[in-house]
There are 2 protein chains.
Amino acid sequence: MNISTASTMCGLPVKTVRYYADIGLVVPAARSAAGYRVYDDETVRRLVFVRRAREFGFSIGECRELLDLYADRRRSSADVKRIAARRLQQIASKQRELQSLHDELAHLVEACSGDDRPDCPIIDGLGRRHSGE
Amino acid sequence: MNISTASTMCGLPVKTVRYYADIGLVVPAARSAAGYRVYDDETVRRLVFVRRAREFGFSIGECRELLDLYADRRRSSADVKRIAARRLQQIASKQRELQSLHDELAHLVEACSGDDRPDCPIIDGLGRRHSGE
DNA sequence: GTTGACTCTCCTGTTGCTGGAAACCCTAGG
DNA sequence: CCTAGGGTTTCCAGCAACAGGAGAGTCAAC
């Protein structure tokens, strides 16, 4: 199948599929006589796999690792788990960061009257060197 | 004062201060005869303001807006509040996204035995077209 | 045979910087 | 006065992970 069919099947934009081929992440099964990228069910499966991994926030590099493990019949699930656990840590860390950000900003927003006067705790809060206080 | 002093005072790398000058976000108060960027207390305050706003995740464009309001004596706090509230929405939305991501990935990681056998719910979960089920 | 859709490669732009190269400037020491 | 060292300038490349568009080739249908 051609790239647009593969694109539809895997749920990724054509541009992205082409990009993944360029960087050697998911290489098409073949090239037609005219140079068209040709995909088969297996390569489409790999594209879906990458799409899902990307949705989870895995980097392209991690996708490469996971893809290797995906294809490796002799893999140990521990290797996969390690990568996933690492990502889980990143997510948790980002969550904590967002939480304190949210709290602090919400605090400022609540303190702001939001009328036509210039006095504004948000502006003041941003102007201050340190965060809350 | 020269750029490195301003950099130290505002807590931003020299490169970043220079970048902000280039894009016209925080322009130095003057240039010396030799072409050196010259900063004063006011421009340093603006740099601090931007640093704080960036820490809150405001984009450069939003920083520009906020900086205008910061300098505008006739601003209405409602304008500031609107921008901050929008950003707060984005944060909350990102939090929800991360939460479901975290839950789903944690679910997979928990289900994975993490030993030397190849069977792996994580790999299986990534290979499946849709998320949970 | 000609239209129209599809595909190719290559280049640029995105966001917010960061690093490096080559050249200038400035000050302190000898 | 000269030199060595820092600091400063500009410009150019690159990061992640693509997206948009130009210009040219290809393919199937009518």
Side-chain angles (χ1 to χ4, degrees), chain A residues 1-40 43-44 46-67 87 90-91 94 97 101, chain B residues 1-40 43-44 46-67 87 90-91 94 97 101:
Chain A
M1 70 189 87
N2 280 344
I3 198 169
S4 63
T5 309
S7 160
T8 306
M9 287 184 64
C10 74
L12 287 169
V14 169
K15 273 281 184 186
T16 302
V17 176
R18 205 171 277 138
Y19 173 69
Y20 287 168
D22 285 351
I23 63 173
L25 183 60
V26 179
V27 187
R31 289 279 186 152
S32 77
Y36 285 21
R37 290 171 185 83
V38 176
Y39 291 87
D40 57 9
T43 44
V44 167
R46 290 166 60 82
L47 286 169
V48 170
F49 183 89
V50 170
R51 173 176 64 75
R52 291 276 300 141
R54 291 288 300 138
E55 283 168 4
F56 273 109
F58 289 103
S59 71
I60 295 290
E62 285 167 332
C63 286
R64 232 180 266 270
E65 293 184 65
L66 289 170
L67 218 37
R87 175 71 194 133
Q90 290 171 4
I91 292 176
K94 192 74 187 171
E97 188 188 336
L101 228 53
Chain B
M1 71 189 84
N2 279 347
I3 197 167
S4 63
T5 309
S7 160
T8 306
M9 287 184 65
C10 75
L12 286 168
V14 169
K15 274 281 188 188
T16 301
V17 176
R18 204 172 277 137
Y19 173 69
Y20 287 167
D22 284 351
I23 64 173
L25 183 60
V26 179
V27 188
R31 289 279 186 152
S32 76
Y36 285 20
R37 292 171 183 83
V38 175
Y39 292 86
D40 57 8
T43 44
V44 167
R46 290 165 61 83
L47 285 169
V48 170
F49 184 89
V50 170
R51 173 176 65 74
R52 292 275 302 140
R54 291 287 302 138
E55 283 167 5
F56 272 108
F58 288 104
S59 71
I60 295 290
E62 286 168 331
C63 288
R64 234 180 265 271
E65 293 184 64
L66 289 170
L67 219 38
R87 175 71 195 133
Q90 291 172 3
I91 292 176
K94 193 72 187 175
E97 188 189 334
L101 228 54

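Because only heavy atoms are used, hydrogens play no part in the values below, and waters and symmetry mates are left out as well, while side chains stay in. Residue numbering restarts at 1 for every chain, and letters A, B, ... go by the order of the sequence lines.
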With heavy-atom distances below 4.5 Å as the criterion, would you say the side chains of [X] and [Y] are in contact?
X: Met9(B); Y: Leu47(B); value: no
X: Arg54(B); Y: Tyr20(B); value: yes
X: Arg18(B); Y: Ile3(B); value: yes

Practice problem: Identify whether the distance between the nearest side-chain nitrogen and carboxylate oxygen of Lys15(B) and Asp22(B) falls below 4.0 Å. | Solution: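 Salt bridge absent between Lys15(B) and Asp22(B).
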Practice problem: I would like to know whether Tyr39(B) and Val17(B) meet side chain to side chain contact (heavy atoms under 4.5 Å, CB included); could you show each step before the answer? | Solution: CA-CA 10 Å; Tyr39(B) 292 86; Val17(B) 176; 3.2 Å; yes
Exercise. Output the single nucleotide from dC17(C), dC18(D), dT7(C) whose closest atom is nearest the side chain of Thr16(B).
Key: dC17(C)
Quiz item: Out of dC8(C), dC10(C), dC11(D), which has the shortest distance to the side chain of Arg18(A)?
Solution: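 Looking only at side-chain atoms, Arg18(A) lies closest to dC8(C).
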Quiz item: Closer to the 5' end of DNA chain C via nearest nucleotide, is it Ile3(A) or Tyr19(B)?
Solution: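 Between the two, 5'-proximity favours Ile3(A).
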What integer distance in Å separates [X]:[atom1] from [N]:[atom2]?
X: Phe58(B); N: dT15(C); atom1: CZ; atom2: C1'; value: 17 Å
X: Tyr39(A); N: dC6(C); atom1: OH; atom2: P; value: 17 Å
X: Met1(B); N: dG7(D); atom1: CE; atom2: C1'; value: 16 Å
X: Lys15(A); N: dC6(C); atom1: NZ; atom2: P; value: 16 Å
X: Asn2(B); N: dG7(D); atom1: CG; atom2: P; value: 11 Å

Quiz prompt | Which residues share a side chain to side chain contact (heavy atoms under 4.5 Å, CB included) with Asp40(A), sequence neighbours left out | solution = Ala29(A), Glu42(A), Thr43(A)
Quiz item: With nearest nucleotides of DNA chain D determined for Val38(B) and Tyr20(A) from heavy-atom distances, which residue corresponds to the more 5′ nucleotide?
Solution: Val38(B)
Self-check item: Below 4.0 Å: OP1/OP2 of dT8(D) and any side-chain N or O of Ser4(B)
Solution: yes
Quiz item: At under 4.0 Å, does any side-chain N or O of Arg54(A) touch on OP1 or OP2 of dA16(D)?
Solution: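 It does not, given that no N or O in the side chain of Arg54(A) lies less than 4.0 Å from OP1 or OP2 of dA16(D).
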Quiz item: Would you find a donor on one side and an acceptor on the other, under 3.5 Å apart, between the side chain of Arg87(A) and the backbone of Phe56(A)?
Solution: yes
Quiz prompt | Nucleic acid contacts - residues 23-37 of chain B versus DNA chain D, non-hydrogen atoms under 4.0 Å | solution = Arg31(B), Gly35(B), Tyr36(B), Arg37(B)
